[in-house]
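To keep things clear, I will list the structure first and then write my remarks on it.
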Amino acid sequence: MDPMAVAGDVLVAAVGIATPLALAATGEVLAERSGVVNLGIEGAMLFGALGGAIGATVAGSATGLGVGILAGVLVAALFAAVAIGAGADQIITGTAVTLASVGLTGTIYRQFYGPAGVGLSLPTLSPIPIPFLADLPLIGDALFAQPVTTYLMYILVPLVWYLLFRTRPGLAVRAVGEDPTAARAAGVSVRLTRAWAVLAGGALAGLAGATLVLAQVGTFTERMTAGRGFIAIAIVVLGRWNPVGAGLAALLFGLATALQFALQAAGLDVPYQFFLMLPYLLTLFALAGAVGRGQAPAALGKSEG
Amino acid sequence: MLLTLTGISKSFGAVQALRDVDLAVAAGEVHAVLGENGAGKSTLMHIADGLLPPDTGTVAVDGRPVRFRSARDARGHGIGMVHQHSTAVPAFSVMENIALAAGWAVAPTRLRRRVEALTERLALPLDPSLPASTLSVSLKQRLEIIKALAAEARVLLLDEPTAVLAPAESEELFRFVRRFTQGGGGVALITHKLEEALAVADRITVLRRGAVVLSSPRSEVTAEGLTTAMIGGSLVVAPPAVPLRDGPVLVQCEGLEVRGDGGRGLRQASCTIRGGELVAVAGVEGNGQRELLRAVAGLTRPFRGLLEVARPVAFVPEDRTTEGLIPSMTLTENVVLGVGRAASWVTGRGVRRVDWSAARQRTAELADRFDVRSDGTEATAGSLSGGNQQKLLVARALERRPRVLVAENPTRGLDLQATAEVHGRLHAAAAAGAAVLVYSNDLDEVLVLGDRVLVAAGGVITEAPAGIDRVRLGAMILGQGGPDAE
Amino acid sequence: MTGRRVRAWLLVGALLGGCTAREAPAPFRVALVTPGSIADAAWNSGAFTGLNWIHDSLGVPVSHVEARTPAEQEEALRTYAEQGYNLVFGHGFEFQGPAERVSTEYPGAVFIITSGERVQGNVAPLIFRLHEASYLAGMVAGGVTKSGMIGFVGGVELPPVREASEAWVAGARAVNPQVRSRTTYLNNWDDAALGREAARALIRVGADMLHHNADAAAIGVFQAARETQGVYVFGANADQAALAPAQVLGSAVIDLPRAFLLVAREVQGGTFVPRVESFGLASGVVQYVPNHALDSLVPAALAARVRAAEDSIRQQDGP
Amino acid sequence: MRSNLRALGIGAAALLIGLFLLAVGLELAGYDAGAALAALWDGAFGSWRAFTGATLVRAVPLILIGLGFALALRGGALNIGAEGQFYAGAIAAAWVGVHAGGWPAWVALPAVALAGLAAGALWMLLPVILKLRFGVLEVITTLLLNFVAEALVSFMVQGPMQEPSGIYPQSAPIVEAARLPFLFGSRLHAGFVVALLVALALAWVFARTWWGFRLRALGEGPRAAEVSGRVRAGRMLAVALLWSGALAGLAGAFEVSGVSYALYQNLSPGYGFTAIGVALLARLRPSAIVLTGVVFAALEAGAGAMQRDAGIPAVAVYVVEGVVILVLLLGDAAARRQASRRAVPVVDGSP
């Protein structure tokens, strides 16, 4: 076997695994830059996945992506109403929203597809190789022969970076996250800005969930996000609250996961559980190595009311 | 008239903050709004600035009535507020802060050029790419002014602008104010300093307890008249105690060096403080005095040098509600926290317990003795007024029977009566044999309070000669000559 | 204050306990406890279908509950026994221990433990030798593979899962001793996206024949096969050809509903004797079901060999 | 006292609203809501057996983990990795319990409990070090370690701790002496009493001890607590977090020695997360955590009954739990707003 080809294939998998994580983490960067920690994105992803499945069942993949995004926004709106509207503790609200989402998606899914949940099988978005770029050695397939959602991620990550660091609304978002009092003095509505950031974050989380269904497995299963929303939050920290950093951190996590399966498939005589731990341990140590205290938005997690 | 406030009233619950107040700012005029803390000056400015809506009354710009829904709204009408405390986002650069306030585009190259052009035009130089958190206090204020003017303000509301400035810096500020009014702008200057109002203003309005008690042109008022109007009666001031000059040495430092949080910190300090002395430190913020006080209080570890401090030490921090008291906890709990485990109500060995009824009783006594007005010992500290919070902080500091008492800006934001009471307590502590070390950014307070004066400049602590006057002290804190200057 | 509040709460519980005792049980009722969601299109949904068959064919009341943890599982068995259910299915080997404990308290109820271990009182195992079918699937894979590498994706490493994976490899080697194999575990039954990645990793190291025992997570395995030219996959538990009609060569199937119904009939008729009930290929409950749409891919000689092996396994099983 | 009553009122209202929404949702989905709620009640409180064997048995880990969560959060630290610490405790307890052959119960039981405590604290050690040395938020690290713990349990039950026949993914059963005795002739094990005692002890620590008071001060006003010179934040939080982990570990130990008698992979249905709701609903008050622990346990016990007797998907109960917490937060916020309307705001631009 050609080791280059194997490495290239692992990269393909890494980018695939990283795509929903990067999307969700980018959304969370937006929210956290505005000073809001949204643990509810696990729920928003789960709803995005269900929305994607239902939308695609009714009217095809494109609709599925749209419904998934919309579902993510709705979950984020619930979070925003309680955590921003009423000024409740963000961590607790996020936990509750995720809890309710696990229950609701499970219930709705069974309601929609029968109590035993037929294994629905949707057509998935197939990889679209980009001419020339896809022929690059090693990274060509990994980066440029991916489903449309990965390309969306390529667009959205820099877009959110640009939005945050080069535009006025982005400036307002960061001001609100650093110093709500100063932002208010500058005439920025703290709650409204945070609400928009959280809703946009929810849209990205919904898209991430829909990606799981529409670009990867072609079906919805209960609890299928399996903690990816929480991983995305760790990725935000690892990426130092920068969309590009988060994208790279997601790639690192994707690489660790892809490597994990590659190692299992390589038939090494090591208990597979240690490979399963790999992505999480790697993230932990990366955090210890990379994170300084001063990186987080100063007003992060402090409810305002 | 650029800005006219007519018949403004505002209340918060049962508290009537403003009662039928009129105020007008004309083009080319500095209008001083004078009053004690709590007289309603800030509330009035917040109404002018769009941060608070008035209950009744009207706000007019250029004679046309307006309704501000936000600070942005007010800014759109040419009203610019310069807050006493910086409203800059610390993590942002100077130019990002200006863009945020003025609504400018964020693209870095263009933004920098635009900011540079503005600062040049205003003759207020400031590096656009410096992070706001690294600016000195006076530069932070400069940034506030540039922010307001970037938004094309025609009326500047200056809230206690000289509270944190050295005299020379204040002079520079007032030179700018004159340039601004000569260019057709109007200024409302909020202050509690008589001399300042008399020196700068064209017109003076005095507020007391939310109502206008006097309003006339500068030429028609006297210092005495203004004092009577502000206070509405005579002051009770505790007589300064006679210091014990030959008390034991309780604080001794030699070649002391303390690292600051990002700033320069304290580079060099040598001092001796005896029991019975009240030593005041003068300095502009960020010159090492904070590090000196906190090292003496035992909160930061010296980087180098010798520091010996007698125990127990008590500390009264400047920021009453984040470093001093815990607003969500009761008076009793705050007292228990501050006094520590040496208190009589902490009992037992191994697992120490708190006897809450004893602590409550003692807190009630302290509140009574120090005149802390509250809804009882189980009220939250956050429900107290600033003056009462400060009295509680001082009370609990003294409850430790400290041999060394350290206080930062102990009267910041207090009215004259409360200030006098706090001064009295500090003197009394010294008279009882403690070594008292106080920092104040108000030079007058330093001169009134200190038996001796230390000066912090550029991270170096020197002693001011006895009998120094305000002007020379002002020069010293800016590092411009002093007794030891070469 | 603490103590008082707690005591009051306990008292409420005690009072309620006294006044809502259950009525006498209905003549014959059947219950099912599954260790996971019945929306998995495989192991658990098959059992649930079996329960519904019992309801429809025998016209008896049925009930189902999901119990994910050992504590919940024992409690669920005990509650059904307490409520007077006559027949309780514990759908997995993990119910063996709890059922034995509960059975001593409720000797009247019959507990059937799918993939159970042994008979104890009224606890009897219902064993499915799915690995016999997986063996046949392995034979097909071993004969058809071009790369000489086959892969298996397991959900959680449970005994039936391991047995299936071992039989699958043995079957392949029986046809082609040179076949190499790889096995990957997910430690999860729900995460279909991970299932897909695991399968893709196997495909990358050259596996062109895949088999699984991962319930809902295996949907990702089918997805991976659909995405890759020349890779074929074998279903498990149910006939899963529909999940990837052009890639599924066959499925190792357990006809759970039929087995459930057989047992329920006996218990209802009073003829049930606790015994180790084991279903293999011979019973027809376990089957290897080829996807006839792809018959052309399986050489006739190989198909004949598989049929021969199937016959000989049936003979060994006995009637 | 009055505020206690009001808190209880808000809690009860939140619960009722949550149940009401569940009923509406079920009716809309075509289920018989009345029968479902009746089943919920029966499954949780319907009989002495249900109350002790289903509800209170579940309440034990919820109460213990909830107490640990409250302990850390009172000091301002968020431990959302109780699930991992629970498993660490279960592993250690099972190890000791399996190897306790020949020990008398009065040695074996404390040894099992101590093993759980120690392992839970040990699992918290890495987050504590990362927090103190590198400033990494404990929210992230404790969470990531949950995933690691799950893999570790899987390894244990397939590897070094697998039962002797080597077939099943579970440990050998623990010896009789290491099994907790039952209370009142029910399935409720003695861990319940320990949970109550821990709640009492923690209530006492918060209300009466110098350490507990300082911990609360640290949580309510971290800067003021440090500047007062009475609190060393790092050390105090480390101790609180380690105890928080230890209590979750104890919960894991009790689950092994009181319920499952062996180590399994799927020992926890998510106690670590549900317990967050338990502690918050109780506003971190130990005595109230006992109450809310029982309420959440009753909801989960009742959820099983709803599925059993009324055919409602068991996952629906998560909706109730989530909604109860959300409604509670809203009620809290409303109460706060009412209180602040009466107070005079500080007029310097900050609310």
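Neither the backbone nor the side chain of A/A298 comes within less than 4.5 Å of any heavy atom of chain B. With a 4.5 angstrom heavy-atom cutoff, B/A99 touches chain A via backbone and side-chain atoms both.
Considering A/L30, A/V176, A/I84, A/L300 as possible partners of A/V36, the one that fulfils the side chain to side chain contact (heavy atoms under 4.5 Å, CB included) test is A/I84.
The shortest distance between side-chain heavy atoms of B/M45 and B/V33 falls below 4.5 Å. Side-chain contact between A/P243 and A/L164: present, with at least one pair of heavy atoms (C-beta onward) separated by less than 4.5 Å.
There is a side-chain donor-acceptor pair under 3.5 Å between A/T225 and A/E42.
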Do chain A and chain B have donor-acceptor pairs under 3.5 Å, and which are they?
residue: A/R168; atom: NH1; partner: B/A99; partner atom: O; Å: 2.7
residue: A/R168; atom: NH1; partner: B/W104; partner atom: O; Å: 3.3
residue: A/R174; atom: NH1; partner: B/E96; partner atom: OE2; Å: 3.1
residue: A/R174; atom: NH2; partner: B/E96; partner atom: OE2; Å: 2.8
residue: A/A186; atom: O; partner: B/R75; partner atom: NH1; Å: 3.0
residue: A/A186; atom: O; partner: B/R75; partner atom: NH2; Å: 2.9
residue: A/G187; atom: O; partner: B/R72; partner atom: NE; Å: 3.1
residue: A/G187; atom: O; partner: B/R72; partner atom: NH2; Å: 3.1

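Here the straight-line distance linking atom CZ of A/R194 with atom CG of A/L192 works out to 12.0 Å at 0.5 Å rounding. The distance from atom CG of A/L199 to atom CZ of A/F79, rounded to the nearest 0.5 Å, is 10.5 Å.
Note on residues 150-165 of chain A: no pairs pass salt bridge (charged side-chain N to carboxylate O under 4.0 Å, His left out), not counting sequence neighbours.
Ranked by heavy-atom pairs under 4.5 Å with chain A, the first of B/A74, B/A102, B/G50, B/P108 is B/P108.
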